[in-house]
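Here is the structure we will look at.
Each chain gets a letter, A, B and so on, in the order the sequences are listed, and its residues count up from 1.
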Amino acid sequence: MNAASSRLEIGGIALRSRLFLGTGRYPSPAVMREALEASGAQVVTFAVRRVDLDVAEDDPLLRQTGGKDLVYLPNTSGASTADEAVRIARLAREAGLGNWVKVEISGHPRLLLPDPAETLKATERLAREGFTVLPYTSDDPMQALRLEEAGAAAVMPGGSPIGTGLGILNPYHLGWIVENAGVPVIVDAGLGSAADAATAMELGADGILVNTPVAKARDPVAMAAAMRLGVEAGWLSRQAGRIPRRAYASASSDEAGAWFAEPTAARGMRP
Amino acid sequence: MLKRSIERWESREARRSNEGGGKAISLMLNGKQAWCEASTLGALARSLGLAERRVMAELNGEAVPRADWDAVPIRADDRVEFVQFVGGG
C-alpha cells in the first residue's frame with residue numbers, strides 16, 4: 001500500500017484526510033479552529049443562513065478557516081424541498097469558495113432524516129449544473145445507488161440520526177452500500193466517538209463526517225485528534241483484513257508439546 | 001455619544017441619497033419589510049455595510065453573482081436575501 005493509493009479522491013481533488021469536519025456548535029470560534037487543526041481534516045462543512053442585519057458583525061467563522069488549504073462543503077440544511085436546496089447551493093457557490101455542496105433535505109423535525117425523493121431530485125439538478133454533489137442519505141443501499149446514478153460525487157449515508165451519537169445502527173446496510181458503490185462512501189451522521197469512526201472505516205467507508213461528537217465533547221480538541229486516529233486505525237484495519245469471526249476458540253499458543261491432560265470440560269463436549 | 005450617532009446617521013443618510021437619488025421603495029429584505037432608497041443591489045449592500053463582507057445575495061429567489069450587484073436594479077416589492085456561511089455540519 002503506497003501513499004498515492006491511500007488518498008481519497010472526490011470531484012477531482014485528492015484529499016489529504018478521510019475525516020470531514022463540521023463547524024457548528026463549538027464553544028467558541030477559537031476552539032473550532034484548534035479542533036480543525038487537531039483533526040487534520042481538509043473538507044469542512046458550513047451552513048448558509050441569513051445575515052442578521054441588526055448586528056454589525058463580520059464573519060468570524062471564515063476568519064478561523066481562511067488562508068488554509070481547505071475544501072469548503074456548504075450544506076443545504078434548512079431546506080425541506082429540492083427547490084430550496086438548489087437555491088441554497090446556488091447562493092453558496094457565489095461565495096467563491098468552490099462548487100461542492102452537501103445536499104441535506106430534512107422532512108422531519110425530530111428525526112432530521114433525509115427526504116429521499118427530494119434529495120434525489122436536488123442531486124440530479126445540481127449535478128447537471130456542474131456542482132460536486134455529496135448527498136446526505138439514510139442507510140438505504142438502493143437510494144445510494146439511485147443517488148450515484150443521479151450524478152453524486154460521493155454518497156453520505158448516516159449511521160443514525162444527526163446528533164444522536166447512537167453510532168452505526170445498521171452495519172449490514174452500510175456494508176452493502178460500500179459493496180455496491182461506484183463512488184466514495186462517507187458516513188455522515190450519528191457517530192458518537194472515535195470507536196464509531198473506526199467501525200465505519202472498518203466496514204469499508206472511504207471517510208466520515210463528524211460535527212456534534214467533536215463540538216460537544218467535553219474536550220473538543222482532544223476528540224478531534226481521537227477522531228483522526230480512529231479514522232486512520234479503522235482504515236488501516238480494513239486494508240489489513242480482519243480475521244473471520246468464529247463460533248469457537250482457537251488457541252493462539254501451539255497445542256503441540258503441552259504435557260497436561262485435556263481440561264475436564266472437554267470430555268463433556270459432543271463431537 | 002448622542003452627537004456621534006447623529007453624525008453617523010446623517011452620513012449614512014447622505015450616502016443613501018447619493019446612491020439612491022430617488023424615492024424610497026418598499027421591499028422584503030431578509031424576510032422583513034424594509035424601505036430603501038438604493039436603486040441597485042450593490043447600493044443596497046453598501047447601505048447595509050455588507051459590501052466588504054463575504055455575503056451572498058439573492059433577488060426574487062435567484063442568486064446574483066457579486067460582480068453583477070451594481071448592475072442589478074432594485075424595484076418595489078422585490079424580495080432580497082443576504083446570506084452568509086455559518087457553522088454547520
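Between A:Arg50 and B:Glu81 there is a salt bridge, since a side-chain N of the basic residue sits under 4.0 Å from a carboxylate O of the acidic one. Under the 4.0 Å criterion applied to side-chain N and carboxylate O atoms, B:Arg46 and B:Asp70 are assigned as salt-bridge partners.
Contact of A:Leu53 with chain B is made through the side chain alone, with heavy-atom distances under 4.5 Å. At a 4.5 Å heavy-atom cutoff, the contact between B:Glu58 and chain A is made by backbone and side-chain atoms alike. At a 4.5 Å heavy-atom cutoff, B:Ala34 makes no contact with chain A through either its backbone or its side chain. A:Ala215 does not touch chain B: none of its heavy atoms, backbone or side chain, sits under 4.5 Å away.
Each of A:Val210, A:Asn211, A:Val51, A:Thr45 has some count of heavy-atom pairs under 4.5 Å with chain B, and the biggest count is that of A:Val51. Across A:Tyr26, A:Phe20, A:Phe46, the residue that shares the most heavy-atom pairs under 4.5 angstrom with chain B is A:Phe46. Your options are A:Glu104, A:Lys102, A:Arg93, A:Arg87, and the one with the most heavy-atom pairs under 4.5 Å with chain B is A:Arg87.
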| request: Starting from the C-alpha separation in whole Å, work towards a yes-or-no answer on side-chain contact (heavy atoms from CB on, under 4.5 Å) for B:Leu59 and B:Val80. | output: CA-CA 5 Å; B:Leu59 179 64; B:Val80 178; 3.7 Å; yes
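Shortest non-hydrogen contact noted between A:Val221 and A:Ala35 is CG2-N, 3.9 Å.
Side chains of A:Arg49 and A:Ser77: a donor-acceptor N/O pair is present below 3.5 angstrom, by distance only. With no hydrogens or angles considered, no side-chain donor-acceptor pair links A:Ser80 and A:Glu118 at under 3.5 Å.
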